[in-house]
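Both ligands and their constituent atoms are indexed starting at 1 by order of listing.
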Amino acid sequence: MKLAISIPLVGIAILLSACSKDPAPPAEQSWLTMGTFASVTVRSDDAEHLAYYHETTSHAFDELNQLLSVYLPDSEISQLNGSTGMVAISQETLTMLQETVRYAHGTSGAFDPTVSPLIQLWGFSGGSAPSGFPAAEIIAGALEQTGYQHLKLSPASPLSSMAGFDRPGMSIDLGGIAKGFAVDRAYGRLTETRPANALINLGGNIRCHGKATPERPWRIGVRHPFDTSLTIGALTMQSGMAVATSGNYERFVTIDGERYAHIVDPRTGCPVKGMAGVTALSTSATEADALSTALFVVGIEGAPALLKALPTTHALLVPDRTPMEIWVSPGFQEVFTPHPEYADAVRLLGN
Ligand code: ADP
Ligand code: MG
């Protein structure tokens, strides 16, 4: 029997084996943070580490949230967003911004942390959705205030790093990468201090260490994008691997009766249409998070080129159309077992 612990509103389920010959089920602690659901799961024979894992992980998440959250007016990112000149930032924020720019560059701008004016225009930041499709000039105006190339980072010295924009009206939104970064930060601290067989999850951004049982690796279920009570298959996770999902069923707005995902195409300024869900598998949670968002933007057509440029990432993409098609890259196919009911829907992404 397989038991799927359901994580609300994310595209992924942690699959725990509960066969009669298995040891006791893993120990798990979950909590709410960064506007989502977090959990640590520790294998039964490592259960004594659970309290330490929970404490270290929640501490790492809280620390980063204090620096990066756009909902906290005192965070370094909020200070940067409200500024006209260069502002001092910590080494930690600098590292995060440098990685973010690296992924923006590596995805030719499909992932772009400066999309905030567009996110606001389309009502994805908690504001109300526009009553109709915004006029082209309004979209063009918001696009004028985006572009990761206009984020300037100057690591003056290890003790004083600076960040700023060279265009007015710009701001940063790390919603597409910060959760993955936070998972890597917790993962790094835990595996350096007390490595155990465990899985860290922040809103569906998951990284695992070791194995689920002495015989079996950790397994993660990929949710059915059209019915999140179901899974379309399971991923076998090697130690150290991370997975993230972007979906249009989690947060979206409806304009003129059409559903738009909360991910915008930085090239057009419009929300992405046509994709239902993307799951990215990678060697870091930061990369999986950034790439799930970027692949959602480029879709089936753009995915092969993007994945070729980033050989440490593999992906599964489901377009927003029926009958369901499950497109997998060759590296993803190797570790993905589709649910028998959906085996015929699987297609291999070309090179
Ligand atoms: P979730 O936040 O639901 O886990 P994602 O990781 O895909 O899903 O991140 C979506 C968030 O990323 C959006 O809510 C927004 O804050 C931000 N975002 C939207 N479009 C882009 C984009 N093209 N590049 C970078 N970040 C984006
Ligand atoms: Mg993401």
Roughly, to 10 degrees, what angle do T293 atom OG1 and G176 atom O form around the Mg ion (ligand 2)? 90°

Option whose closest heavy atom lies nearest to atom 18 (N) of ligand 1, chosen from V115, L202, T114, T245: V115

One residue to check: D173. Relative to ligand 1, which of side chain, backbone, both or neither has a non-hydrogen atom less than 4.0 Å away? side chain

Which segment of V264 sits under 4.0 Å of ligand 1 when only heavy atoms are counted: both

Does even one non-hydrogen atom of P266 get within less than 4.0 Å of ligand 1? yes

Passing candidate, side-chain hydrogen bond (donor to acceptor under 3.5 Å, both in side chains) with R167, options E144, Q149, H150, Q145: H150

Which of the atoms of ligand 1 are close to S246, meaning less than 4.0 Å from one of its heavy atoms? 5 (P), 6 (O), 7 (O)

Number the atoms of ligand 1 from 1 as they appear, then name those within less than 4.0 Å of a heavy atom of D289, with their elements. 6 (O)

Is any NZ, NE, NH1 or NH2 atom of the basic residue among K179 and D289 found under 4.0 Å from an Asp or Glu carboxylate oxygen of the other? no

Please check if atom CG in D344 has more than 12 non-hydrogen atoms from other residues, nucleotides or ligands closer than 6.0 Å. no

Would F111 count as a contact of ligand 1 if the rule is a heavy atom under 4.0 Å away? yes

For atom 11 (C) of ligand 1, tell me which residue out of G175, A244, G204 has the closest non-hydrogen atom. G175

Give yes or no for whether the N/O distance cutoff of 3.5 Å, strictly under, is met between K179 and ligand 1. yes

Any chance the rings of H314 and F336 have centres within less than 6.0 Å? no

Can you figure out which of D112, T36, I119 has its heavy atom closest to atom 24 (N) of ligand 1? D112

Taken to the nearest 0.5 Å, the spacing of L348 CG from S329 OG works out to 8.0 Å

Taking the six-membered ring for Trp, are the ring centroids of H339 and Y342 within less than 6.0 Å of each other? yes

Any L64 side-chain heavy atom under 4.5 Å of E92 side chain: yes

Show the atoms of ligand 1 that are less than 4.0 angstrom away from any heavy atom in A110. 22 (C), 23 (N), 24 (N)

Is E63 paired with R185 through a side-chain N to carboxylate O contact shorter than 4.0 Å? no

